[in-house]
Amino acid sequence: DAMVIQNPRYQVTQFGKPVTLSCSQTLNHNVMYWYQQKSSQAPKLLFHYYDKDFNNEADTPDNFQSRRPNTSFCFLDIRSPGLGDAAMYLCATSRGGRVQETQYFGPGTRLLVL
Amino acid sequence: QKEVEQDPGPLSVPEGAIVSLNCTYSNSAFQYFMWYRQYSRKGPELLMYTYSSGNKEDGRFTAQVDKSSKYISLFIRDSQPSDSATYLCAISWGGGGNKLTFGTGTQLKVEL
């Protein structure tokens, strides 16, 4: 049973062409996260939502934005992708915001920028 | 200096071997320690979670934390080919809305 679903699994975009990645969850969790994972690097938190409250990491570029229209869905918008934005983008959810709450990850969307 | 350091491997062992995976961290404020397993083309999944120094066992897996040395380990006994994956340590200081700092991951291959 899929719990955290990411679409598409692979996305190819052109340099500078806006792209949107999507995440949905069937867990009814309050918190949703977006991570960027470049090849052979650690996943890096970009931002997260606690319900409708948006929390941006200080070093997340302005080029990255997010929307959460309802509990189930969260989107990652990259306004003008550069070659350096090619990465795996992971969505995760947790029931609450305490560290003891397990984060459940989706399979990721691999973004290629041409 | 990175907050969390992890040997990227790859590490190749024969089936049945004991595997030791390690991370070091620099911030003594970190209190919560996790190990995630990531299969190829999948997202990470939580394997083990510990809070205090000492050992925690779950089947073939043992997580060990030494806060005095800022060193954490994951031991896998009787390793199986199905254990072949990338193992990421993840650490948190407990605030920031469940913010995790991940290591780069160690790629493990268990050979038949």
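Proteins come first, then strands; the chains are lettered A, B, ... in the order of their sequence lines, and each starts at number 1.
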J.: At a heavy-atom separation under 4.5 Å, does A:Tyr10 approach chain B through its side chain, its backbone, both, or neither?
T.: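 It is the side chain, since no backbone atom gets that close.
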
J.: Heavy-atom distances under 4.5 Å only: say whether A:Gln6 touches chain B with side chain, backbone, both or neither.
T.: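 It is neither, since no heavy atom gets under 4.5 Å.
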
J.: As an exercise, state the distance from CG of B:Leu100 to OH of A:Tyr33, rounded to the nearest 0.5 Å.
T.: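 B:Leu100 CG to A:Tyr33 OH: 7.0 Å, rounded to 0.5 Å.
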
J.: What pairs of residues pass the disulfide bond (SG atoms under 2.5 Å apart) test when at least one of them lies in residues 31-79 of chain A, not counting sequence neighbours?
T.: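 Listed by first then second residue: nothing to list.
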
J.: Quick check: do A:Gln37 and B:Leu88 have side-chain heavy atoms less than 4.5 Å from each other?
T.: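 Side chain of A:Gln37 against side chain of B:Leu88, heavy atoms only: contact under 4.5 Å found.
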
J.: Contact part of A:Arg9 toward chain B, heavy-atom cut-off under 4.5 Å: side chain, backbone, both or neither?
T.: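 Side chain only.
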
J.: Output the distance between atom NZ (B:Lys99) and atom CD (A:Glu57), rounded to the nearest 0.5 Å.
T.: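 It comes to 4.0 Å.
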
J.: Quick one: NZ on B:Lys42 to CG on A:Leu90, what's the gap to the nearest 0.5 Å?
T.: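 Between B:Lys42 NZ and A:Leu90 CG, I get 13.0 Å after rounding to 0.5 Å.
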
J.: Using only non-hydrogen atoms and a strict under-4.5 angstrom cutoff, which residues of residues 105-112 of chain B touch chain A?
T.: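 At a heavy-atom separation under 4.5 Å, chain A is reached by no residue of residues 105-112 of chain B.
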
J.: Please look at A:Gln41 and chain B and tell me whether the side chain, the backbone, both or neither of the residue comes under 4.5 angstrom of a heavy atom of that chain.
T.: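 Just its backbone gets close to chain B.
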
J.: Determine the minimum heavy-atom distance between A:Ala42 and B:Gly103, stating which atoms define it.
T.: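 Nearest pair, atom of A:Ala42 first, then B:Gly103: CB-O, 3.1 Å.
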
J.: Measure B:Gln6 against the heavy atoms of chain A and call it side chain, backbone, both or neither at under 4.5 Å.
T.: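 No part of it gets close to chain A.
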
J.: Checking heavy atoms, do the side chain of A:Ser40, its backbone, both or neither come under 4.5 Å from chain B?
T.: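 Interface part for A:Ser40: backbone (N, CA, C, O).
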
J.: State whether a side-chain donor-acceptor pair under 3.5 Å links A:Gln103 with B:Glu45.
T.: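 Short answer, no.
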
